[in-house]
Amino acid sequence: MVKVQLQDGTSREYNQGVTVQEIAQDISRGLAKKALAGKVDGKLVDLSHALQGDVQLEIITPESPEALNIYRHSTAHVLAEAVQRLFPGTRFGIGPAIAEGYYYDFDSSHTFTPEDLDKIQAEMEKIVKEDKPFVRREVSREEALQVFGDRGEVYKVELINELPEDAVISCYQQGDFLDLCTGPHVPATGKLKAIKLMSLAGAYWRGSEKNKMLQRVYGTAFFDKAELEQYLFRLEEAKRRDHRKLGAELELFAIMDEGPGFPFFFPKGMILRNELESFWRSEHRKAGYQEIKTPIILNRTLWEQSGHWQHYKENMYFTRIDDEDFAVKPMNCPGGMLVYRASLHSYRDLPLRMGELGLVHRHELSGALHGLMRVRCFTQDDAHIFMLPGQIKDEIIGVINLIDKFYSIFGFEYHVELSTKPEKAMGSDEIWEMATNALREALEAKGMPYKVNEGDGAFYGPKIDFHLKDCLGRTWQCGTIQLDFLMPEKFDLTYVGEDGQKHRPVMIHRVIFGSIERFIGILTEHFAGAFPVWLAPVQVKLLTVTDRAISYGKELRNRLEEAGIRVELDSRNEKIGYKIREAQVQKIPYMLVLGDKEADNKTVAVRKRGAGDLGAMGVTELISQVVKEIQDKAQ
RNA sequence: GCUGGUGUGGCGCAGUGGUAGCGCAAUUGAUUCGUAAUCAAUAGGCCAGGGGUUCAAAUCCCCUCACCAGCUCCA
């Protein structure tokens, strides 16, 4: 007999070898029907898993957090089987569940087309109807190599060869499709209800561009059709927030064929930018920063000294001036170093925080460009903090706090990553370890959860990265804090210590927005273009009902302008509904409807974005309300 | 950079070998009207660019560019 402790705390006894499915059946028919998998002592298993000893057992149903991944992973196997049926000879890569679905990588002589996706999906639905069981089998390494080797599955063989010595090797089979897989899976293909193939893309085998590019099919799956529909609807909604679309509609910016990756900012986009910059300047003044500006083009010798010439060349643009090599700056730090070095510093001056809104240019791969999120020239809200070794932790924490303050004002959620020494790096392992530990300590002192991103640091130092999400949930690095012991060395930076001797300062590179361009992209998607009043390019729009209200409209426009409000007057000969619609589409926060009544009583009829018609209000009252919202940076 | 897809007036789209179309926007005229689209007229395109096939190309083929999705890479 085995004793099985269930999730609700109760225990039951069964004969040895009882399966999870049988236990579910024993508990209730409803549960048995819903059951997808089991969790034995914290480990996910199939429903067919037989229990050999006393265990704790949880039955995985669609309500369980783990269920969707198992379900989607099983769907990926069905996708592979469908491809095997329709395109014999296809070799299989990997097919995991991912955040919003699953994918499977194929190596096929046939190039899949979007039309093929429909065919494959139809085949998948057939497989679902056939309700084939997923059968697990544990095999020896030799057998696994034999089986997959015979089938010509070179990718599977490569995976098997790299499994650790003591790994349990398991295979799953449904119908004629056999896959190397740890599982678990749903009991049979018939469990898969709402499946949809989404897209097609190339993907390098094992994520390395040195390897062959396979064909990846992305799909998703849900427990029922309604959830799938809802997901597809949400996707469509999200696309409406796309900053590239809104940027054009709201006349914020554009990227033209004449400058791929080099954005143009229109007057309304500049208002947004300038508001962000002036907010940035005032916050940084408060936080003890000074501001500098360094040139965009600097001599080759500087880039050799900084190491960029050796480590960053493929991302840089070059030019020649008077027969000498120059480079367009990809980073602001070398210029910042020269500014530090231009004067003598005492330990009393440290920490010295020098900010720079610096325009940098980087040659990004053409395929990587993406609206404002990934461009070839952008403005970093940079700063370099020069400090004593003993000030490191406090300064890092200070920057973390500043970043958090900024992101909170916009209502952004973010996650943090710690990036460690990359392959192409300057400096010794010891220095890197010291710097990485300093960053880690600061994060831990703040009690901040973080993910480690091995090998993703800058070539001169490790970094803490702050990631924000776009409308489709893709994350983009914005803020970053990089600790650097190497540049001060390379540039022979010094300060005079208490002892009268020269010492080496430590430095931090950091950005808050990251790139103003990217930040505007994120901001646009976050607010779906409906910017809070303080950022809105047009804060108040005056709408006249008839031409009789035009002179009152002009008078009001002057009053609002004097109060520092960005205001536009729409005095066209159009119906009020038409003007409202246009202002609404432009996502203008305040509309003031002006007719005979308002002109006679010297009031305004307020229509607020998101709230609708608020009725009449005195002009002074309206002005003070708008001004307060601007000052409070209300969302 | 790689794989696949797309490229038609400012925007959204139709048009698969035989004189380039629709809606919105724009311009002009009429209408002076109270909370998401008044009516009418007019104008606007070397069909991304280049080369080719054909009596004939937006449409078929080749090259280039840009964009989209993903991979790789990074703020």
Side-chain angles (χ1 to χ4, degrees), chain A residues 103 105 111-114 116-117 198-218 239 242 244-245 248-249 251 254-261 312 314-315 330-332 358 360 362-382 419 422 456 458 463 465-468 472 474 476-480 482 509-519 521-522 543-550 572-585 591-598 605-607 612-615:
Chain A
Y103 65 78
D105 286 345
T111 301
F112 298 130
T113 65
D116 290 335
L117 287 190
M198 301 296 290
S199 62
L200 215 47
Y204 299 109
W205 168 240
R206 313 198 85 179
S208 167
E209 58 186 328
K210 293 183 189 80
N211 293 335
K212 180 167 185 184
M213 182 165 269
L214 308 181
Q215 300 186 68
R216 177 172 294 179
V217 175
Y218 283 92
K239 283 183 192 153
D242 191 312
R244 293 166 298 188
K245 190 172 155 60
E249 284 171 5
E251 298 179 295
I255 298 173
M256 320 215 191
D257 281 2
E258 291 81 353
Y312 208 71
E314 63 277 20
N315 279 301
M331 295 186 194
N332 301 302
V360 298
R362 296 182 185 175
H363 179 77
E364 297 294 339
L365 294 177
S366 58
L369 301 179
H370 184 98
L372 288 183
M373 303 297 195
R374 175 70 71 65
V375 289
R376 284 179 171 157
C377 77
F378 55 99
T379 306
Q380 290 187 305
D381 62 318
D382 220 336
S419 295
D456 211 35
K463 53 184 188 160
D465 297 327
F466 293 73
H467 294 251
L468 297 174
L472 290 177
R474 297 174 289 210
W476 299 90
Q477 184 189 316
C478 289
T480 176
Q482 309 175 348
H509 311 240
R510 46 109 283 179
V511 289
I512 309 270
F513 294 140
S515 117
I516 297 195
E517 289 76 4
R518 178 177 285 182
F519 199 81
I522 299 272
L543 311 174
T544 53
V545 177
T546 69
D547 288 355
R548 292 188 298 280
I550 292 180
R572 291 173 304 172
N573 177 8
E574 292 290 351
K575 287 187 154 183
I576 192 66
Y578 182 85
K579 296 186 185 183
I580 286 172
R581 183 186 149 76
E582 255 186 26
Q584 196 85 32
V585 167
M591 283 174 242
L592 305 182
V593 175
L594 311 175
D596 293 336
K597 266 187 289 181
E598 289 74 23
V606 181
R607 187 186 166 103
D613 190 351
L614 300 182

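Proteins get letters first, then strands, A, B, ... in listed order; numbering begins at 1 in each.
A 3.5 Å limit on both hydrogen-bonding distances identifies no Watson-Crick or G-U partner for B:U59. Nucleotide B:U38 forms a pair with B:A30, judged by Watson-Crick or G-U wobble geometry with both contacts under 3.5 Å. Using Watson-Crick or G-U wobble geometry with both donor-acceptor distances under 3.5 Å, B:U16 finds no partner in any strand shown. Nucleotide B:G23 forms a Watson-Crick or G-U wobble pair with B:C11, both donor-acceptor distances falling under 3.5 Å. Pairing for B:C67 is with B:G5, a Watson-Crick or G-U wobble pair whose two hydrogen-bonding atom distances lie under 3.5 Å.
Across A:Glu574 and A:Lys579, no two heavy atoms sit closer than the pair O-CE, 3.5 Å. Between A:Thr379 and A:Glu517, the shortest heavy-atom distance links the atoms N-OE1, 2.8 Å. The nearest pair of heavy atoms linking A:Asp257 to A:Pro260 is O-CD, 3.4 Å. Shown here for A:Phe112 and A:Leu200, the closest heavy-atom pair between the two residues is O-CD2, 3.4 Å.
The distance between atom CG of A:Leu117 and atom P of B:G70, rounded to the nearest whole Å, is 15 Å. Rounded to whole Å, the distance from CZ on A:Arg206 to P on B:G70 is 23 Å. For the pair A:Met373 CE and B:A69 P, the interatomic distance rounds to 11 Å; values are reported in whole Å. Note: CZ (A:Arg581) to P (B:U38) measures 10 Å, nearest angstrom. For the pair A:Asp257 CG and B:G10 P, the interatomic distance rounds to 13 Å; values are reported in whole Å. The OH-P distance, from A:Tyr312 to B:C74, rounds to 8 Å in whole Å. Distance A:Glu364 CD to B:C73 P: 12 Å, rounded to the nearest Å. Taking atom OH on A:Tyr578 and atom C1' on B:U32, their separation rounds to 16 Å, with Å as the unit.
Spacing of C1' atoms, B:G29 relative to B:A48, comes out at 37 Å, to the nearest Å. Remark: the separation of the P atoms in B:G4 and B:C74 is 25 Å, to the nearest Å. Rounded to a whole angstrom, the distance from the P atom of B:U19 to that of B:G34 is 49 Å. Distance check on atom C1': B:U8 versus B:C46 gives 12 Å, rounded to whole Å. Across B:A14 and B:U53, the matching P atoms stand 31 Å from one another, rounded to whole Å. Spacing of P atoms, B:G17 relative to B:C13, comes out at 23 Å, to the nearest Å. Comparing the same atom, P, in B:A20 and in B:G9 gives a spacing of 15 Å after rounding to whole Å. Taking the C1' atom of each, B:G50 and B:C73 are spaced 32 Å apart, rounded to whole Å.
A:Ile576 comes within 4.0 angstrom of the backbone, heavy atoms only, and of no base. At the heavy-atom level, A:Val593 lies under 4.0 Å from base atoms of the strands shown. At the heavy-atom level, A:Gly577 lies under 4.0 Å from the strands shown only through sugar-phosphate atoms. Nucleic acid contact class of A:Lys463 (heavy atoms, under 4.0 Å, all strands): sugar-phosphate only. Using a 4.0 Å heavy-atom distance criterion, A:Lys579 is classed as making no nucleic acid contact. Within 4.0 Å of A:Gln482, counting heavy atoms only, lie sugar-phosphate atoms of the nucleic acid but no base atom. If you check every strand for non-hydrogen atoms under 4.0 Å, A:Gln584 touches a base. Residue A:Thr111 is in sugar-phosphate contact alone, with no base atom involved, counting any heavy-atom pair closer than 4.0 Å across all strands shown. Contacts of A:Val375 with the nucleic acid, taken as non-hydrogen atoms under 4.0 Å apart, include base atoms. In this structure, A:Glu574 reaches the bases: a heavy-atom distance under 4.0 Å links it to at least one base atom across the strands shown. At a threshold of 4.0 angstrom between heavy atoms, the contacts of A:Gly612 with the nucleic acid are absent. Using a 4.0 Å heavy-atom criterion, one finds that A:Ala583 contacts no nucleic acid atom at all.
Dashed line: the shortest gap from a side-chain N or O of A:Ser366 to OP1 or OP2 of B:G1 is under 4.0 Å. When the side-chain nitrogen and oxygen atoms of A:Arg474 are compared with OP1 and OP2 of B:G70, one or more of them lie within a distance under 4.0 Å. For B:A69, one of the phosphate oxygens OP1 or OP2 lies less than 4.0 angstrom from a side-chain nitrogen or oxygen of A:His370. At B:U72, none of the side-chain N or O atoms of A:Arg216 fall inside 4.0 Å of OP1 or OP2 (strictly under the cut-off). Between A:Arg244 and B:C68 there is a side-chain polar atom (N or O) within less than 4.0 angstrom of OP1 or OP2. A close approach under 4.0 Å does not occur between any side-chain nitrogen or oxygen of A:Lys239 and OP1 or OP2 of B:C68. When the side-chain nitrogen and oxygen atoms of A:Arg548 are compared with OP1 and OP2 of B:C33, one or more of them lie within a distance under 4.0 Å.
Mapped onto RNA chain B by nearest heavy atom, A:Asp596 and A:His363 fall at different nucleotides, with A:His363 at the one closer to the 5' end. Each of A:Phe513 and A:Asp242 was matched to the nucleotide of RNA chain B holding its nearest heavy atom; the match closer to the 5' end belongs to A:Asp242.
To the nearest 0.5 Å, the span separating CG on A:Leu365 from CZ on A:Arg376 amounts to 8.0 Å.
Screening A:Arg244, A:Lys245, A:Lys239 for a side-chain hydrogen bond (donor to acceptor under 3.5 Å, both in side chains) with A:Asp242, the sole residue that qualifies is A:Arg244. A:Cys478 pairs with exactly one of A:Asp465, A:Asp381, A:Leu468 by the side chain to side chain contact (heavy atoms under 4.5 Å, CB included) rule, that one being A:Leu468.
No aromatic stack links A:Tyr218 and the base of B:G70, using centre distance under 5.5 Å and interplanar angle under 30°.
The nucleotide whose nearest atom lies closest to any side-chain atom of A:Tyr204 is, among B:A75, B:U72, B:U38, B:U72. Set against B:A36, B:C67, B:A75, the side chain of A:Pro260 has B:C67 as its closest nucleotide.
Residues A:His370 and A:Arg474 form a side-chain contact, since some pair of their non-hydrogen atoms from C-beta on lies under 4.5 Å apart.
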Kindly indicate, with the supporting measurements, whether the criterion side chain to side chain contact (heavy atoms under 4.5 Å, CB included) is fulfilled by A:Lys210 and A:Tyr204.
CA-CA 8 Å; A:Lys210 293 183 189 80; A:Tyr204 299 109; over 6 Å; no
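Looking at A:Glu598, its side chain comes within 3.5 Å of the base of B:G34 through a donor and an acceptor atom.
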